[in-house]
Amino acid sequence: MTTVRTLSFTLMLTVASCKRTPPESATPPSTQEPPRGNTSAANADSAAANAPPSGNDVAPGANAAEFRAAGRVLPRGEIAGFRQSGSVIHSTAQNLFQQIDGDAVSYQNYNVRDYAKTDYRKPGTRLVATVSIYEFDAALGAFGRYSMHVASGRDPSTLESQAVSIGAAGFQGRTQLVFVKGTFLVQVDLADESEDSNEAQLFAAARDALPALARAAAQQIPGESAPPASPLVTEGLVWGGGTYVSNSVLDVESSGPGWVGWYRSSDQKRYRVAALVADSADAARAIANRYRLRGSAAIAGTTADEAFAVTLPTHGESVVTRRDRAIVIATSSGIDPAPPTLDRAALTTAAIAQLDRSQPRR
């Protein structure tokens, strides 16, 4: 799959010990607009109100009215020894940057609609779990943004051992679990706020707490646990390899949206196939031409309306094919560490196979 240019959201699957061990997500902490004027007394009151509980203290839970909009699927009460603590934070799509500044655009690109999060604390400890809910306009948007969690900057198959059976798809790291179901993308993080936090104990607590909280949220989400229908060829598709990109497929700007599949051939060679469908044949020609860079070479003898080989700046040699409204690009590059790759003839075969699925022969 491709790396979306605007994405900077990276899941780290290890954490460093500190006063509050940070979650492995690259999501920045919540930001708030600073108060205006000289309000030191108000700041002191606010700091006291927002200070984390100590020892056995757990802040009272949110009232029922706060579990609205995206927050309606947040778990309530106590789950696996963790009690919902404090208020529910809400944000619209337009104001999402106030909560995840620097990464909000990557959610907006998939038409995020609403956002909510709250904390869960375990009495007698300084452990705090945070559940973040992203609600999208459509299930395809939610799945697309989830697929970026899986495949942005890495081979998705490397996470196969961390897969969880929650929602339509999900995976769990040491202190974070992410899953998608319907129009919802859910992220659960666990941290330790104690002075002498212990990584081993944190990881052990996360193994039980993260899936318990995730399942509690999944139960609140209506509908079946199935990913959106994909046009991708399934043979050879690796775990997590069916990804949906909102734009700039294979880093080519203004391509429009498309699916990108990550594949492994029978002889363990790796490649990717991008599938796009335009509104018309003329629009498809225009999109194909965005990939037709200097040095492109026509490929004869295919069943496509047009086919050519091209060296893409970030993906090496690729084969681009088009039939009517469908565009398919096959490439071997972009997988690290680099495995054995397909030659031009094999890439052409892979592209035509996907083209036949996307746009059957007339």
Side-chain angles (χ1 to χ4, degrees), residues 8-32 43-44 46-62 74-89 98-103 115-134 149-150 153-154 158-159 161-164 166 170-179 185-217:
S8 59
F9 190 94
T10 306
L11 299 176
M12 302 294 298
L13 300 179
T14 57
V15 295
S17 178
C18 61
K19 181 175 180 180
R20 170 170 178 169
T21 305
E24 51 214 298
S25 166
T27 302
S30 301
T31 58
Q32 298 181 354
N43 289 344
S46 176
N50 294 323
S54 59
N56 292 322
D57 297 331
V58 176
L74 284 166
R76 306 189 192 187
E78 183 171 322
I79 298 92
F82 283 76
R83 296 180 190 170
Q84 194 276 315
S85 175
S87 62
V88 177
I89 295 174
Q98 295 178 351
Q99 300 299 325
I100 53 171
D101 188 21
D103 202 50
Y115 168 85
K117 74 171 181 178
T118 195
D119 288 342
Y120 301 79
R121 294 180 180 272
K122 188 172 185 178
T125 75
R126 300 284 288 179
L127 295 175
V128 54
T130 301
V131 180
S132 302
I133 308 290
Y134 300 84
H149 276 281
V150 177
R154 63 181 159 210
T158 60
L159 297 182
S161 63
Q162 297 168 234
V164 294
I166 301 176
F171 68 98
Q172 180 176 348
R174 287 182 170 178
T175 62
Q176 185 180 85
L177 188 153
V178 180
F179 77 90
L185 173 61
V186 180
Q187 178 178 315
V188 187
D189 297 285
L190 185 67
D192 186 350
E193 293 180 334
S194 64
E195 293 283 353
D196 54 348
S197 59
N198 182 294
E199 282 188 346
Q201 293 177 358
L202 176 64
F203 299 159
R207 281 194 292 271
D208 295 327
L210 295 180
L213 286 161
R215 289 191 179 95

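Reckoned from all heavy atoms, side chains included, excluding hydrogens, waters and symmetry mates.
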Quick one, Phe203 and Thr175 - any side-chain contact, counting heavy atoms below 4.5 Å? yes

Identify which one of Thr130, Leu74, Asp189, Ile100 satisfies the side-chain contact (heavy atoms from CB on, under 4.5 Å) criterion when paired with Lys117. Thr130

Distance, nearest 0.5 Å, that separates CZ of Arg121 from CG of Leu127: 9.5 Å

Once you round to the nearest 0.5 Å, how far does CG of Asp196 lie from CZ of Arg126? 10.5 Å

Give the intermediate values and the outcome of side-chain contact (heavy atoms from CB on, under 4.5 Å) for residues Phe171 and Leu177. CA-CA 6 Å; Phe171 68 98; Leu177 188 153; over 6 Å; no

In terms of heavy-atom contacts, Ala209 and Phe82 come closest through CB-CE1, 3.6 Å

What residues form a side-chain contact (heavy atoms from CB on, under 4.5 Å) with Ala62, not counting sequence neighbours? Glu66, Phe67, Gln84, Val88

One should read off an interatomic distance between Leu202 CG and Arg207 CZ, to the nearest 0.5 angstrom, of 10.0 Å

Is the backbone N or O of Gln172 less than 3.5 Å from a side-chain atom of Gln162, with the two atoms forming a donor-acceptor pair by type? yes

Indicate yes or no: at least one non-hydrogen side-chain atom of Gln201 is less than 4.5 angstrom from one of Asp192. no

Gap between atom CD of Gln99 and atom OH of Tyr134 - 0.5 Å precision: 9.0 Å

For Gln176 and Leu210, the nearest pair of non-hydrogen atoms, with its separation, is N-CD1, 3.4 Å

Minimal heavy-atom distance between Ser87 and Thr118, with the atoms involved, is O-OG1, 2.9 Å

For Pro75 versus Leu213, what's the shortest heavy-atom pair and its separation? CG-O, 3.7 Å

